[in-house]
Amino acid sequence: MKKILEQLVPRTVKFDKGAEKTSQQADWQRCGHIYYLLNTLKLSYESHCGRVTYEKLNFASLHELCAELQKGQYIAPKETAHLPELFSLSVCGVCWEEFGAQVRTKAIPEAACIRFENIEYSASEAKFQMAYRMTDDGVTPLCNQAGFDKAVRRINNISVAEFIRFLEACNTRIPRNLVNKLGIRSENFDSVFTLTESHLLEKLLEKEALMNAK
């Protein structure tokens with residue numbers, strides 16, 4: 001786990017120069033750090049009645065919640081060939097990019113996640129996005145990312161409590177000047193669109209409605 005922590009919080013950032021040159025944002029360079037917003041914990045799984053998701057969870061009540069869900073007749077994890085569906089606990093994050101003296105933040109909808117069958121046991125698979133992974137690559141849920149993605153690090157057989165402590169340890173290693181410029185909060189993940197995108201979408205829908213009314 002210590003080795004993974006060192007990879008997630010590198011002392012020096014290695015850039016893919018070839019990829020950077022072909023990018024339209026070649027001047028912006030990633031700082032190599034990810035800050036995990038622990039107030040964005042999201043638990044999801046497939047139940048007998050459909051997909052279930054709990055957002056902005058309090059970790060202190062997570063054990064009780066999972067125990068209650070497993071007892072439920074209809075909300076219990078769905079079973080396939082006598083194997084229950086796995087719980088997936090994910091957390092959003094923030095990374096930074098620098099351009100000279102300028103610093104900007106970028107949101108990561110699923111910066112880390114852990115899948116488990118029973119929260120009381122350590123049989124699990126945790127995944128962590130690396131800081132240099134393009135956030136636009138995160139279309140597929142992190143828990144479903146295949147093993148060939150080198151920008152995702154994996155740890156097997158850790159408890160959920162260890163997973164949380166691991167995220168907290170990563171946060172403590174981030175330079176204070178970057179944390180002070182943290183402009184993204186849990187509320188930024190409430191919508192899939194930014195404020196600018198929502199405004200443009202509203203204008204587009206209004207224009208389409210006027211054209212249909214003629």
Side-chain angles (χ1 to χ4, degrees), residues 1-5 7-9 33-95 107-130 135 138-147 152-174 179 182 184-192:
M1 187 179 294
K2 182 178 179 181
K3 182 178 180 181
I4 299 293
L5 180 59
Q7 292 176 343
L8 290 173
V9 191
H33 298 282
I34 293 179
Y35 185 88
Y36 300 100
L37 299 170
L38 297 178
N39 58 347
T40 62
L41 285 175
K42 180 175 71 174
L43 181 73
S44 59
Y45 68 98
E46 197 74 28
S47 74
H48 294 284
C49 295
R51 193 71 177 170
V52 177
T53 300
Y54 290 86
E55 297 185 352
K56 297 183 180 179
L57 285 173
N58 183 347
F59 177 69
S61 60
L62 182 60
H63 279 71
E64 290 76 9
L65 174 61
C66 289
E68 188 69 26
L69 293 175
Q70 288 178 316
K71 296 177 184 177
Q73 180 178 0
Y74 298 105
I75 60 174
K78 180 180 178 182
E79 290 190 1
T80 303
H82 304 290
L83 295 175
E85 173 81 8
L86 298 178
F87 289 108
S88 175
L89 182 69
S90 62
V91 62
C92 302
V94 174
C95 64
I108 307 176
E110 283 187 309
C113 73
I114 183 171
R115 293 199 302 172
F116 57 93
E117 177 183 337
N118 192 316
I119 197 170
E120 300 296 337
Y121 306 137
S122 60
S124 65
E125 180 188 42
K127 296 180 181 179
F128 305 85
Q129 288 199 48
M130 300 296 288
T135 53
V139 177
T140 302
L142 184 60
C143 64
N144 296 332
Q145 289 292 337
V152 175
R153 292 291 181 265
R154 292 164 174 76
I155 303 178
N156 294 320
N157 301 324
I158 64 172
S159 68
V160 174
E162 288 175 320
F163 172 74
I164 298 297
R165 289 197 296 270
F166 189 78
L167 300 180
E168 292 173 338
C170 289
N171 285 350
T172 61
R173 295 195 176 195
I174 296 176
V179 178
L182 190 62
I184 297 178
R185 300 290 184 268
S186 61
E187 292 76 15
N188 294 103
F189 296 91
D190 289 343
S191 172
V192 295

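No experiment lies behind these values; they were computed from the predicted model shown. We count residues from 1, following the sequence as given.
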Please round to the nearest 0.5 Å and tell me the distance separating atom [atom1] of [X] and atom [atom2] of [Y].
| X | Y | atom1 | atom2 | answer |
| --- | --- | --- | --- | --- |
| N156 | K127 | CG | NZ | 9.5 Å |
| C92 | N39 | SG | CG | 9.0 Å |
| L38 | K56 | CG | NZ | 14.5 Å |
| H48 | E79 | NE2 | CD | 6.0 Å |
| E55 | T40 | CD | OG1 | 9.5 Å |
| L89 | S124 | CG | OG | 11.0 Å |

Looking at [X] and [Y], what are the two nearest heavy atoms and their distance?
| X | Y | value |
| --- | --- | --- |
| L167 | F128 | CD2-CE2, 3.7 Å |
| L43 | L57 | CB-CD1, 3.4 Å |
| V91 | L37 | CG2-O, 3.0 Å |

Counterpart residues, side chain to side chain donor-acceptor pair (under 3.5 Å), relative to S159 (two or more places apart): E162
Pairing of E125 and R115 as salt bridge, 4.0 angstrom limit: yes
Exam field: side chain S47 to backbone P77, donor-acceptor pair closer than 3.5 Å: no
Main-chain N/O of C170 paired with T172 side-chain donor or acceptor, under 3.5 Å: no
Side chain to side chain contact (heavy atoms under 4.5 Å, CB included) involving A111 - partner list, sequence neighbours excluded: I34, Y36, I108
Qualifying ring pair (Phe, Tyr, Trp, His ring centres under 6.0 Å) pairs, either residue in residues 67-90, two or more places apart: Y45-F87, F87-F116
Considering only distance and modelled atom types, tabulate donor-acceptor pairs under 3.5 Å from the side chains of residues 58-71, sequence neighbours left out.
| from | atom 1 | to | atom 2 | distance (Å) |
| --- | --- | --- | --- | --- |
| N58 | OD1 | A60 | N | 3.0 |
| S61 | OG | N58 | O | 3.0 |
| Q70 | NE2 | E117 | O | 3.0 |

Pairs involving residues 40-49, ordered by first then second residue, that meet salt bridge (Lys or Arg N to Asp or Glu O under 4.0 Å) (sequence neighbours left out): E46-R51
